[in-house]
Amino acid sequence: MPTATVPPPPLVEARELVKTYGRGGHTVHALRGVSLDIGEGEFVSIMGASGSGKSTLMNILGCLDQPTSGSYRLAGEPVEAMDRDALASIRNRRIGFVFQQFNLLPRTSALENVELPMVYAGVKPAERRERALESLRRVGLAERAGHTPAELSGGQQQRVAIARALVNRPRLILADEPTGALDSRTSDEIMRLLAGLNAQGITVVLVTHEGDVAAWAGRRLTFRDGRIVEDLRQAPHRPPPLPAGEEAA
């Protein structure tokens with residue numbers, strides 16, 4: 001009899017996550033026993049009203065915060081008991097972040113912005129430059145490497161932010177409202193880019209208020225009052241290719 005193949009563990013394994021905050025003498029229950037697995041290579045969107053718990057979950061998944069109780073493993077590593085230095089290390093090694101407001105250094109070139117995570121990782125300057133240029137090529141901005149954020153459009157700034165998220169070769173990208181500051185056409189271009197990265201095997205988890213953005217994912221989670229109230233598998237939205245010669249935003 002052939003030996004059965006044991007499937008690999010999920011990239012994200014969360015069990016009974018609880019997060020409470022003290023606020024003005026009251027206890028706020030941000031997460032109420034959330035359990036969740038996300039497999040390698042999934043594209044997951046998270047929706048919910050303000051205060052529903054989705055941002056709290058993203059902070060825990062991104063090792064920016066720790067649960068009050070419950071367990072979290074990222075790529076098999078137990079995260080919930082790590083100290084601050086260990087959390088910083090796993091963020092740098094495993095996770096790329098993309099934010100609504102880009103969070104780029106304003107007086108620094110695109111190339112230097114993309115290099116920044118590698119400075120913290122101790123990568124030597126020559127390798128930093130090579131890897132940063134390669135990341136900018138992946139997002140179609142190698143020719144803008146010397147430009148500062150003020151010299152770039154909103155869509156280009158977000159592409160630089162995505163290049164920065166990619167530069168340490170993460171297995172997981174966490175995107176918090178990545179299209180929230182962009183017009184609809186530019187939003188579409190950023191989602192094409194994230195979908196393309198996901199097709200290359202990178203796991204993508206994004207928070208959004210927009211149904212058309214959530215439709216790009218193959219799985220949609222909906223939060224309410226600190227709990228997952230819907231976990232839906234769906235056929236992801238995939239628009240036709242851009243017309244030949246049309247420039248990405």
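Note on Ile228 and Val207: same hydrophobic cluster, where clusters join Ile, Leu, Val, Met, Phe, Trp and Tyr whose side-chain heavy atoms are under 4.5 Å apart, directly or indirectly. A continuous path of hydrophobic side-chain contacts links Phe99 to Leu57 [ILVMFWY only; heavy atoms under 4.5 Å]. Placement of Leu221 and Ile173 in two distinct hydrophobic clusters is found when ILVMFWY residues are connected by side-chain heavy-atom separations under 4.5 Å, directly or transitively. Hydrophobic clustering places Ile162 together with Met118 (ILVMFWY residues linked when any side-chain heavy atoms are closer than 4.5 Å, directly or through intermediates). Placement of Leu172 and Val167 in two distinct hydrophobic clusters is found when ILVMFWY residues are connected by side-chain heavy-atom separations under 4.5 Å, directly or transitively.
Closest heavy-atom contact between Ala214 and Met47: CB-SD, 3.5 Å. Counting all heavy atoms, side chain and backbone alike, Val79 lies closest to Cys63 at CG1-SG, 3.7 Å. Across every non-hydrogen atom of Ala132 and Leu111, the tightest pair is CB-CD1, 3.5 Å. The two residues Pro106 and Pro149 come nearest to each other via the heavy atoms O-CD, 3.5 Å. Considering all non-hydrogen atoms of both residues, Ala161 and Val98 come closest at O-CG2, 4.5 Å. Shortest non-hydrogen contact noted between Ala145 and Leu133 is CB-CD2, 4.0 Å.
Counting heavy atoms from C-beta outward, Val160 and Phe102 have side chains that stay 4.5 Å or more apart. In this structure, the side chains of Ser50 and His209 come closer than 4.5 Å at one or more pairs of heavy atoms. Side chains of Glu16 and Val18 form no contact here, defined as non-hydrogen atoms less than 4.5 Å apart. In this structure the side chain of Leu206 reaches within 4.5 angstrom of the side chain of Ser45, judged on heavy atoms. Considering only heavy atoms from C-beta on, Leu31 stays 4.5 Å or farther from Pro67 through its side chain. When side chains are defined from C-beta on, Leu105 does not count as touching Glu112, because their heavy atoms never get closer than 4.5 Å. For the pair Phe97 and Leu64, the minimum side-chain heavy-atom distance is below 4.5 Å. Residues Val34 and Phe223 form a side-chain contact, since some pair of their non-hydrogen atoms from C-beta on lies under 4.5 Å apart.
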Legend entry - Verdict with reasoning, Val205 to Val12, per side-chain contact (heavy atoms from CB on, under 4.5 Å): CA-CA 11 Å; Val205 179; Val12 166; 5.9 Å; no
Inset, instruction - Step by step, work out the side-chain contact (heavy atoms from CB on, under 4.5 Å) result for Ser71 and Glu13. - result: CA-CA 8 Å; Ser71 65; Glu13 299 174 86; over 6 Å; no
Legend entry - Candidate pair Leu197 and Val139, rule side-chain contact (heavy atoms from CB on, under 4.5 Å), full reasoning: CA-CA 10 Å; Leu197 295 171; Val139 302; 5.6 Å; no
Inset, instruction - Would you check, one step at a time, whether the test side-chain contact (heavy atoms from CB on, under 4.5 Å) holds for Thr56 with Tyr21? - result: CA-CA 11 Å; Thr56 300; Tyr21 300 96; 3.9 Å; yes
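When atom types are taken as modelled, the side chain of Gln158 and the backbone of Pro178 share a donor-acceptor pair closer than 3.5 angstrom. In this structure a side-chain-to-backbone donor-acceptor pair under 3.5 Å is missing from Glu151 to Ser109. In this structure, Glu40 contributes its side chain and Leu11 its backbone to no donor-acceptor pair below 3.5 Å. The main-chain N or O of Ala49 is found under 3.5 Å from a side-chain atom of Lys54 such that the two form a donor-acceptor pair. With hydrogens and angles ignored, the 3.5 Å screen pairs a side-chain donor or acceptor of Gln234 with a backbone N or O of Ala217. Judged by distance alone, with hydrogens and angles left aside, the side-chain atoms of Thr68 form a donor-acceptor pair with the main-chain N or O of Thr20 at under 3.5 Å. Side-chain atoms of Arg164 never come within 3.5 Å of backbone atoms of Asn113 as a donor-acceptor pair (strictly under, hydrogens ignored). With hydrogens and angles disregarded, a donor-acceptor distance shorter than 3.5 Å links the side chain of Thr203 to the backbone of Gly41. A donor-acceptor contact shorter than 3.5 Å is absent between the side chain of Asp176 and the backbone of Gln100.
Annotation: the span from Glu177 atom CD to Gln101 atom CD amounts to 10.5 Å, rounded to 0.5 Å. Ser187 contributes atom OG, which lies 12.5 Å from atom CZ of Arg192 (distance to the nearest 0.5 angstrom). Considering CZ of Arg94 and CD of Glu77, their distance stands at 4.5 Å, rounded to 0.5 Å. Rounding to the nearest 0.5 Å places CG of Leu141 at 9.5 Å from NE2 of His147. To the nearest 0.5 Å, atom CD1 of residue Ile190 and atom CG of residue Leu182 are 6.0 Å apart. To the nearest 0.5 angstrom, Leu74 atom CG is 13.0 Å from Ile60 atom CD1.
Counting heavy-atom neighbours within 6.0 Å of Tyr120 OH, excluding the residue itself, gives a total of 12 or less. Residue Arg219 qualifies as enclosed at atom CZ: its count of foreign heavy atoms under 6.0 Å is above 12. Under a cut-off of 6.0 angstrom, the local environment of CG in Asp225 is sparse, with at most 12 non-hydrogen atoms contributed by other residues, nucleotides or ligands. Heavy-atom neighbours of Arg129 CZ from other residues, nucleotides or ligands within 6.0 Å: at or below the threshold of 12.
For Glu130 and Lys124, the salt-bridge test fails: no basic side-chain N is under 4.0 Å from an acidic carboxylate O. Looking at Arg73 and Asp37, no side-chain N of the basic residue comes within less than 4.0 Å of a carboxylate O on the acidic one, giving no salt bridge. A salt bridge links Arg220 and Glu230; the closest N-O separation between the charged side-chain nitrogens and carboxylate oxygens is under 4.0 Å.
Only one option out of Arg91, Arg131, Arg93 pairs with Asn168 in a side chain to side chain donor-acceptor pair (under 3.5 Å); it is Arg131.
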